[in-house]
Number of protein chains: 2
Amino acid sequence: MPSTTRRAAAAIKTPAEPEGLPQPLPEPPVGDLRLETVLGALSDPLRLTIVRKLLLESEQFDHPCGWFGLDRPKSSLTHHFKALREAGVTRQRQYGLERRSQVRVDDLNERFPGLLDLVAAWMPEPQ
Amino acid sequence: MPSTTRRAAAAIKTPAEPEGLPQPLPEPPVGDLRLETVLGALSDPLRLTIVRKLLLESEQFDHPCGWFGLDRPKSSLTHHFKALREAGVTRQRQYGLERRSQVRVDDLNERFPGLLDLVAAWMPEPQ
DNA sequence: TTCTATGTACGAGTTTCATCGTACTGCATG
DNA sequence: CATGCAGTACGATGAAACTCGTACATAGAA
């Protein structure tokens with residue numbers, strides 16, 4: 001098979017980055033973020049857990065998906081991390097084998113001010 | 001069949017109201033509102049349209065669902081209005097034949113401050 | 001090179017949801 | 001009483017989405 005194994009998601013482009021970081025994976029540009037899509041991505045307890053943990057405990061940097069300690073099969077986690085990235089909630093970069101995630105705080109605060117505060121204040125349903 | 005035709009949705013109770021208004025239909029109490037549920041209810045363009053229109057044009061009162069001018073079959077509208085009410089986003093009261101909706105502004109601002117501002121600022125996707 | 005660790009791709013099973021046609025209820029009016 | 005009207009209830013259909021097993025790809029270390 002050719003080297004173009006990558007499949008392009010519709011209306012998703014890869015932005016450039018100033019630092020020496022790895023290129024982010026394909027993600028929607030800020031201007032294309034849609035409230036209904038972002039809310040849909042956040043309407044799931046597992047994904048809320050991920051985003052909230054990134055917001056509260058990330059210490060200014062991104063994390064591989066093992067860091068979250070989620071008790072789910074790897075393929076399930078891939079699914080949810082991809083959903084968050086494609087909705088524009090997170091940015092993912094490839095560090096060797098690891099694919100680390102961070103919340104697009106600036107982009108989300110610009111487009112949907114206050115939304116991340118609600119996520120940070122969220123608490124999972126008791127039991 | 002007996003007069004108890006009403007089916008009780010799980011964990012939904014009917015609160016009391018001070019004024020001479022008709023009783024609201026069953027809805028979750030403020031304390032039971034869940035962020036993930038509310039976001040899920042708002043992650044749909046049609047429902048965002050409904051809530052935004054209520055927020056911006058309601059003139060302090062509630063409206064029957066014909067007022068929205070939505071070009072959908074009646075049974076579809078029933079479905080979406082019920083989804084909004086059961087998520088706790090709207091309150092519905094029966095006025096004779098009409099079932100009118102209003103946004104639970106105070107409840108939502110108490111539990112999820114800023115969320116309704118995002119809905120009010122939302123714009124439907126062009127085209 | 002082989003082994004391990006991280007994570008993806010694909011596909012199947014299941015569930016949930018959106019959509020909508022049809023039949024029905026209940027009020028109001030002639 | 002008959003009709004019209006606002007809206008529900010129910011059921012079917014089709015499309016997403018969640019979950020997860022399995023197989024695969026790749027980087028780094030022994």
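So that the names make sense, note that chain A is the first sequence line, chain B the second, and so on, each numbered from 1. Basis for what follows: all heavy atoms, side chains included, without hydrogens, waters or symmetry-related copies.
Going from atom CG of Leu77(A) over to atom P of dA5(C) covers 17 Å, rounded to whole Å. Rounded to whole Å, atom P of dA17(D) lies 15 Å from atom CG of Leu39(A). In this structure, Arg100(B) places its CZ atom 14 Å from P of dT8(D), rounding to the nearest Å. Straight-line distance from the CG atom of Leu25(A) to the P atom of dG7(C): 12 Å, rounded to whole Å. Rounded to whole angstrom, the span from the CG atom of Leu84(B) across to the P atom of dA18(C) amounts to 10 Å. Here the C1' atom of nucleotide dA27(D) and the CZ atom of Arg99(A) are 14 Å apart, to the nearest Å. The separation between Gln92(B) atom CD and dG7(D) atom C1' is 10 Å, rounded to whole Å. Rounded to whole Å, atom P of dC18(D) lies 11 Å from atom CD1 of Ile50(A).
Checking Asp44(B) against Lys82(A), the closest nucleotide of DNA chain C that is more toward the 5' end is the one next to Lys82(A).
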Polar atom pairs between nucleotides 20-24 of chain D and protein, under 3.5 Å, N or O only, would you list them?
| from | atom 1 | to | atom 2 | distance (Å) |
| --- | --- | --- | --- | --- |
| dG21(D) | N7 | Ser75(A) | OG | 3.1 |
| dG21(D) | O6 | Ser75(A) | OG | 3.0 |

- Item | Val105(B) and Leu55(B): CA distance, side-chain angles, deciding distance, side chain to side chain contact (heavy atoms under 4.5 Å, CB included) verdict | CA-CA 8 Å; Val105(B) 178; Leu55(B) 286 175; 4.1 Å; yes
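Residues passing the salt bridge (Lys or Arg N to Asp or Glu O under 4.0 Å) test with Arg104(A) are Glu27(A), Asp107(A), sequence neighbours excluded.
Side chain to side chain, Gln92(B) and Arg99(B) fail the donor-acceptor criterion of an N or O pair below 3.5 Å. At a cut-off of 3.5 Å, with distance as the only test, no side-chain donor of Gln102(A) or Arg91(A) sits close to an acceptor on the other residue.
For the pair Thr37(A)/Leu33(A), no side-chain contact is recorded, criterion being any heavy-atom separation below 4.5 Å from C-beta on.
Contacts classified as salt bridge (Lys or Arg N to Asp or Glu O under 4.0 Å) and involving residues 36-52 of chain B (residues at least two apart or in different chains) are given here: Arg34(B)-Glu36(B).
Contact between the side-chain N/O atoms of Arg47(A) and the OP1/OP2 oxygens of dC18(D) is found at a separation under 4.0 Å.
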